[in-house]
Amino acid sequence: MGEILNISLIWSAVRLSTPLVLAALGGMFAERAGVINIALEGMMLAGAFTAAAVTYTTGSPWIGLTAGVAAGLAIAWVHAVASIRYRADQVVTGTAINILMIGVPGFLSGALFLSSGSTPQIPKEHLVPWTPIVMAFAAVPISWYVLYRTPFGLRLRAVGENPEAADAAGIRVAAVRYIGVLLSGAFAALGGAYLSIGQSSLFTRNMTSGRGFIALAALIFGKWRPVQTMFACLFFGFTEAITIRMQGVVKLPSGEDIPVQFIQMVPYLLTIVVLAGFIGHSRPPRALGRPYQKER
Amino acid sequence: MIELRNISKRFGAVQANDHVSIKVEPGTIHAIVGENGAGKSTAMRIAYGFYTADAGEILIDGQVRRIGSPQDAIALGIGMVHQHFMLVDTMTVADNIVLGAEPGSPLSLDLQEADIRIRALSAEFRLSVDPHARIEDLSVGQQQRVELLKALYRKARLLILDEPTAVLTPQEVEEFFGILRGMRKQGKTIVIITHKLAEVLALSDDVTVMRDGKVVGRVETKETSAAELARLMVGRDVLLHVHKPEAKPGAQVLGVRNLSVKTAAGAKPVDNVTFEVRAGEIVGVAGVEGNGQTELVEALAGLVDPLRVSGDVDLEGQSLSGMNPRRRRERGIAHIPEDRHRRGLLLEFALTENAILGVHYRRPITMLPGDAVLDDGEIRRRTVDIIKRFDVRPPNPDLPARALSGGNQQKLVIGREFELNPKLLLVSQPTRGVDIGAIEFIHDKLVKLRDGGCAVLLVSAELEEVMSLSDRLLILHKGRIAGEVNPQVATAAEVGLLMTRGH
Amino acid sequence: GQQSYASDDRSKPRVGIVFDIGGKDDRSFNAAAWNGVRCAETGKWPDGKDCGRPGFGITLRDVEPGTPVNIEPGMRAFAERKYDLIIGIGFAQAPIIETVARDYPDIHFAIVDGVSDLPNVASLVFKEHEGSYLVGILSAMTTKTNTLGFIGGMDIGLIHRFAKGFEQGAKSVNPNIRVIENYVGVTDAAWNNPGKGKELALSQIAKGADVIFPAAGNSGLGAFDAVEDMGRDASGRATHFVIGVDSNMNMLKPGFVLTSMLKRVDNAVYQITRDVVNKQFKPGLHVFGLESDGVGYAIDENNKDLLSPEAIRAAEEAKKKIIAGEIKVTDAMFQ
Amino acid sequence: MFFPVVAVLAAFLVGGVFILAIGESPLQTYSLLIGSALWWPDGIGYTLFLATPLIFTGLAVSVAFRAGLLNIGAEGQLYVAAFATAWVGIVFANLPAAVLVPLCCTAAVAAGAMWGAIPGILKARFGSHEVINTIMLNFIAVAFVSYLTQYHYRTPGDAILETAPIGANAHIPRLARFIPGFPERIPLNVAFLLALVCCALVYFFLWHTKWGYELRATGSNPSAAEYGGISIRRQIVLAMAISGGLAGMVGINEVLGYRHRYYDGFSDNYGFTGIAVALLGRNHPVGVVLAALLFAVLTRGGVPVDAFTQHVTKDIVQILQATIILFVAAEALFREGLRRWVKF
Ligand SMILES: Nc1ncnc2c1ncn2[C@@H]1O[C@H](COP(=O)(O)OP(=O)(O)OP(=O)(O)O)[C@@H](O)[C@H]1O
Ligand SMILES: Nc1ncnc2c1ncn2[C@@H]1O[C@H](COP(=O)(O)OP(=O)(O)OP(=O)(O)O)[C@@H](O)[C@H]1O
Ligand SMILES: [Mg+2]
Ligand SMILES: [Mg+2]
């Protein structure tokens with residue numbers, strides 16, 4: 001047990017949650033504005049690749065982070081234009097962006113680093129192992145404040161719940177939704193950047209490996225609220241950290257190892273159980289997924 | 001104050017407004033009346049910048065103004081209370097009122113300030129409502145006050161009210177008119193759309209009548225009468241009072257004993273109710289919105305989780321308890337729900353598919369093999385039949401239900417339920433938002449059904465309606481039956497007291 | 001120019017290579033294969049450095065299938081154009097190469113990590129377990145905590161080969177040494193998850209491991225970061241080490257990489273290409289073990305001070321014995 | 001129909017600019033792409049073969065969507081189903097084909113349906129959101145199946161995760177068997193026909209049976225459906241089960257028709273691509289087929305493009321794919337464009 005439950009577990013959990021927290025908060029801003037964002041995966045990949053590539057070439061993680069966020073904004077802008085301005089189905093657009101972001105890094109890495117889908121390793125001194133963690137957990141109370149204590153937050157929530165009402169109250173629905181989606185791009189990209197220049201030291205093909213979807217799950221899990229969502233992410237982080245430590249330590253009664261596949265199932269099984277047992281129904285923003293358009 | 005000049009607007013095939021011109025004098029209350037689909041809401045939504053007109057112009061205080069969006073309208077001092085409220089249910093009253101015009105800095109929303117200003121307004125216009133309540137917990141009457149406060153908070157000089165009284169009880173209506181008159185005194189201008197001619201006569205200074213997207217008349221209220229207005233609206237004479245032969249009640253059809261409904265929260269919207277409905281009679285249920293009518297009907301229709309219902313309900317002596325809606329339909333219960341959009345219709349679906357909801361699974365709608373396949377021919381026949389007999393307009397079975405105006409949607413639902421020729425009809429708010437022509441028609445149909453030997457349980461917030469239609473009238477107060485009266489002899493005042501005071 | 005690229009001229013011998021799902025950039029055996037064919041084409045590594053062997057000016061085309069269903073079309077794309085040599089990378093392609101080779105008996109095929117006995121297919125297989133055995137010994141002789149870590153990408157036979165060989169080698173030095181065996185994931189995403197790789201390495205370090213042997217593609221690079229984070233002691237020597245895999249990774253984090261378990265796929269494909277160019281293609285099994293330096297461990301200026309002479313001596317001992325057949329290293333794949 | 005086509009063309013145009021930018025000839029690249037995807041027999045053959053799983057997953061997602069559910073779990077459902085198919089094919093290998101093949105197909109559908117029903121039940125029973133549960137079940141499915149493969153059904157000596165081969169009686173014929181001059185090497189098999197049949201069935205089910213009506217009613221307005229005597233809970237479970245069953249049929253194509261064993265990671269994210277296929281196809285079977293074909297053409301054509309152009313890699317093909325999805329989804333762009341263009 002001592003090999004599983006120890007201080008290093010805490011830090012491991014925090015590191016593993018950080019990208020999720022950032023991505024999930026991002027997802028929150030988009031979905032609270034009524035725009036589904038299953039493109040978190042793609043937006044993270046955009047941030048991860050750009051941050052790594054730029055940091056490697058400039059030698060400055062700060063420029064790298066900034067570039068990563070910029071990339072996230074760019075991708076988010078595509079999502080926004082397609083699904084807000086042109087009322088494309090938000091799920092389709094999201095899927096398209098996820099596919100796009102499996103292709104684009106591959107292509108660019110080929111052009112930049114004679115590689116097909118990954119960047120060279122970045123020297124340790126150019127990494128930012130801590131800043132994104134701080135940002136992530138600082139972002140939670142800030143997001144809470146923005147959402148519940150500022151005019152913008154009020155409008156964002158209104159637009160996601162009942163765009164007609166917001167419109168009637170004289171709010172530019174599209175504008176608010178744009179901001180929400182762009183924010184989600186920035187956050188998700190930051191989360192991705194942490195993966196490539198914080199937690200590890202390079203970008204590799206599809207390195208998010210599903211974290212975008214876990215973040216989405218955490219967002220729903222957290223009922224689209226900042227603090228609950230953070231706890232949902234920590235939940236995922238902890239279970240993964242624990243399973244990492246369980247491998248080869250926890251034995252079957254028969255004394256042999258539990259097959260690793262089962263250990264790796266634990267977080268997901270646990271989620272389902274917790275969801276069914278304790279959280280139950282979580283009500284999405286009413287207008288989620290509905291493009292807003294009135295006969296003009 | 002405001003003038004619409006030759007406003008035209010078409011939606012696809014429908015010419016909703018056709019050179020509509022309306023002039024509203026400052027400091028007056030101006031009524032707009034017309035049948036369902038006449039184009040009243042459209043015209044006013046254009047004035048509020050919600051739709052943009054295809055042609056025509058809008059003048060404010062004599063100058064032509066471009067109103068491209070609600071922002072513009074608000075800036076010009078126009079406020080609108082929409083037919084379907086424009087409120088965010090999950091937010092508080094205060095949130096909804098300040099939304100878009102928030103006090104405080106962009107960096108911090110000053111809710112105290114909001115609170116103070118809202119309370120000030122409520123006091124000034126006698127619109128009492130708790131700023132911290134959540135909209136979804138409020139009665140429609142209170143929600144309406146919120147809508148008014150929203151407009152006033154934005155310093156509206158012109159208030160457009162689209163069928164504001166459709167959902168109010170008589171008491172609320174009186175109170176509400178008081179408020180409007182008060183506003184007029186304070187120099188505000190008011191445009192009110194309504195189907196209730198009595199209200200028009202009681203409240204307004206001038207009236208504009210619309211039909212088929214056109215303005216067919218403008219009269220001064222004091223120089224007109226209900227009959228004249230009705231004729232202008234419908235284009236023919238209308239019976240404003242139900243012609244109803246004496247009821248010949250038969251055997252008991254519905255028996256309700258000690259029925260109670262509990263909510264998940266533990267409240268008891270229906271509390272130990274006992275009554276019966278016999279064949280060939282209409283039993284009315286009057287009551288202020290939110291005193292258990294909805295829950296009562298839904299419980300009888302089987303739409304409430306059986307675990308939350310206690311007491312026994314029987315139909316022709318056989319117990320219904322624990323039966324799901326389908327079984328109850330099969331036993332001969334038809335149900336016209338109070339909210340046709342939420343319950344009654346599949347708005348995206350064609351009229352044909354709406355016409356079979358509830359019987360879609362059995363003969364003659366289905367056919368071999370295995371009664372699994374829908375018989376399109378039969379469905380179409382049925383739909384066309386309903387459209388004919390209930391005069392649904394436009395008579396095109398392939399339109400989506402959404403494309404019909406409120407009144408016609410209601411006729412479709414009623415037609416569908418009548419098709420079942422039921423033993424018991426549960427009907428809530430049958431004429432809400434429906435024009436007088438249709439009201440006359442629906443009332444007539446209900447009476448005919450009764451005379452055909454059907455037991456009818458009628459719930460309506462329209463005191464006039466329940467009193468004129470029912471043979472016996474139950475008054476529901478706080479989920480209990482506060483009393484039963486004979487509508488022929490009882491006065492509106494007595495009933496009103498029972499409704500509000502419970503004794 | 002692209003013109004000549006699209007319509008590849010037939011004067012030169014033409015070689016097509018179909019990579020595994022990992023793609024030519026997996027820093028592992030795909031990458032090594034790519035190095036080999038590029039060297040055979042130009043005499044240079046992909047990064048432009050001289051590979052110390054002559055190039056043959058062949059026409060080289062490659063396909064990265066990205067998904068299993070694209071492997072066969074890729075292979076056929078070359079076959080239909082009558083290429084001289086078609087190289088398939090990875091065990092997964094064995095059955096596919098068999099079917100295609102049957103359809104085109106007069107084309108030469110080579111499969112890396114796979115076996116086929118068709119007359120026009122050369123099977124290039126490696127004894128990863130033997131190489132792993134040797135780095136196991138080196139690790140066991142280096143560890144101060146008697147605890148080693150192994151990180152596999154996925155829990156599959158190919159990787160068990162590395163794991164069991166490594167463990168057996170280590171135990172041959174010290175029977176009660178502990179080898180912590182972890183795996184990254186269960187989907188092919190597991191080869192591209194350096195973050196998780198690092199976390200696994202850190203957890204192994206927390207459990208006392210001070211030498212870690214990752215065989216997890218790009219995920220393994222996380223282990224490199226992990227040991228680097230552990231830093232150096234007063235004497236300036238790293239406190240924890242990592243072992244490179246497949247190709248020589250000693251230069252990635254000099255001082256922290258104890259050694260690299262080499263799997264010379266580059267040699268193998270270079271040789272088979274050369275044979276085809278010289279019309280000396282030999283079908284059947286080409287086994288690359290310690291004897292032929294097909295597998296081994298890397299010692300260069302980056303790590304020569306990290307390994308004790310005794311360690312190296314022990315490894316060389318074992319190497320001789322294995323070649324002589326005195327030591328049998330179990331091949332976990334066939335268990 | 002018109003605007004989607006315009007959208008696709010526009011996407012190709014954008015892609016062309018891209019290709020030009022990296023110094024290749026768009027014309028050459030596209031002729032290579034389309035040509036190799038459509039030439040008889042191999043091009044067509046493989047394109048249809050690649051379209052098959054996408055038709056299944058596309059249908060799966062649409063059925064769920066018609067019931068108002070977003071099934072992100074097709075990926076997991078088809079993994080489980082594919083394994084179940086293989087398992088039956090291995091365990092009952094010596095049953096006669098006439099019995100074994102239907103048995104395997106049933107296994108595929110049943111396993112998929114079961115895996116799909118789980119999130120359905122969870123939603124109906126506990127109201128927990130299907131999107132989370134389907135995502136979770138994706139990971140669980142892949143892990144569970146790879147365990148079974150690795151520890152119970154792997155042939156010793158296999159370096160990778162795949163089961164032992166299924167019995168020959170379980171193989172379903174390739175279309176070469178029926179089409180003269182169509183080479184046996186092309187893996188296109190009767191599963192493709194099955195996919196088309198499923199399209200017809202799904203169409204009939206949704207719009208001409210009472211069950212389809214109830215399913216769509218639930219998706220369109222649950223409380224109205226409830227009022228109409230439809231049990232929403234049952235519909236949710238039913239829809240997810242059908243959806244899963246359709247996704248599961250991918251296993252028939254993969255295991256019985258192509259690889260004749262369960263092969264881990266065989267899915268090229270069919271489940272996720274199915275979301276795009278479904279919604280691009282406007283959740284209508286015909287649209288689904290068209291969308292699936294479009295994707296298949298790009299995947300098939302991508303291989304030669306990757307091989308025989310200097311700079312255009314499979315990544316660019318993926319980028320092109322994404323661009324097409326975006327443009328078709330944002331069709332309004334072209335409608336408005338046209339309207340504006342007509343004005344002046
Ligand atoms: N169109 C897409 N939308 C979202 N995620 C996708 C898409 N295509 C691929 N993915 C990847 O699918 C993975 C999540 O699903 P899951 O891992 O369960 O299926 P998978 O087939 O194993 O995927 P992978 O093979 O990439 O691991 C993530 O790695 C995600 O990046
Ligand atoms: N958004 C819309 N899209 C399509 N048609 C519409 C739309 N809004 C209104 N219509 C049509 O325009 C006509 C006028 O509608 P409008 O709502 O103005 O009538 P109304 O006078 O308000 O009727 P009611 O008394 O039922 O509210 C109707 O035929 C209606 O079907
Ligand atoms: Mg109206
Ligand atoms: Mg996969």
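Quick note on labels: first sequence line is chain A, next is B, and so on, each numbered from 1.
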Pick from Q321(D), R335(D), K314(D), R125(D) with the largest number of heavy-atom pairs that fall under 4.5 Å of chain A: K314(D)
Proximity breakdown for T93(A) and chain D, heavy-atom pairs closer than 4.5 Å: both
Inter- and intrachain pairs under salt bridge (charged side-chain N to carboxylate O under 4.0 Å, His left out), touching residues 127-144 of chain D, at least two apart: K123(D)-E130(D)
F144(D) portion near chain A, given a 4.5 angstrom heavy-atom threshold: both
N269(D) side, atom CG; N98(A) side, atom CG - distance, nearest 0.5 Å: 9.5 Å
Max heavy-atom pair count under 4.5 Å with chain A, selected residue of L326(D), V328(D), V145(D), L137(D): L326(D)
Note, I272(A) side chain near I118(D) side chain (heavy atom, < 4.5 Å): no
Min side-chain heavy-atom separation Q264(A)-V142(D) under 4.5 Å: no
Per-residue contact mode, I22(D) against chain A (heavy atom under 4.5 angstrom): side chain
Enclosure of F231(A) CZ (heavy-atom neighbours >12, cutoff 6.0 Å): no
Among the listed options A82(A), P259(A), G117(A), the residue most often paired with chain D at heavy-atom distances under 4.5 Å: P259(A)
Non-hydrogen atoms of A322(D) and A96(A) that approach each other most closely: CB-O, 3.4 Å
Residue pair Y86(A) / A332(D): nearest heavy atoms and the distance that separates them: O-CB, 3.4 Å
side-chain hydrogen bond (donor to acceptor under 3.5 Å, both in side chains) pairs, two or more places apart, involving residues 29-39 of chain A: E31(A)-W224(A), R32(A)-Y148(A), N37(A)-S184(A)
I72(D) versus F213(A), closest heavy-atom pair with distance: CG2-CE2, 4.3 Å
Between V260(A), V78(A), V91(A), the one whose heavy-atom pairs under 4.5 Å with chain D are most numerous: V91(A)
Heavy atoms from other residues, nucleotides or ligands near CZ of R87(A) exceed 12 (cutoff 6.0 Å): yes
Residue E331(D) versus chain A: region with a heavy atom under 4.5 Å: neither
Whether over 12 other heavy atoms sit under 6.0 Å from R286(A) CZ: yes
Centroid-centroid distance, F18(D) to F107(A), less than 6.0 Å: yes
Winner by heavy-atom pair count (cut-off under 4.5 Å) against chain A, out of I316(D), I319(D), N133(D): I319(D)
Contact origin within L219(A) toward chain D - heavy atom pairs under 4.5 Å: neither
Side-chain heavy-atom pair I214(A), M136(D) within 4.5 angstrom cut-off: yes
Closest heavy-atom pair and its distance - A276(A), L122(D): CB-CD2, 4.0 Å
Minimal non-hydrogen separation, G210(A) against F139(D), with atom names: CA-CZ, 4.2 Å
Centroid separation Y151(D) to F262(A) less than 6.0 Å: no
CD-OG1 distance between Q261(A) and T149(D), expressed to the nearest 0.5 angstrom: 8.5 Å
Under 4.5 Å from a heavy atom of chain A, the part of L70(D) involved: side chain
Closest heavy-atom pair and its distance - A276(D), T95(A): CB-CG2, 4.1 Å
Minimum side-chain heavy-atom gap I275(D)-V92(A) below 4.5 Å: no
Structural part of F65(D) lying under 4.5 Å from a heavy atom of chain A: side chain
From CG (L298(D)) to CD1 (I99(A)), nearest 0.5 Å: 10.5 Å
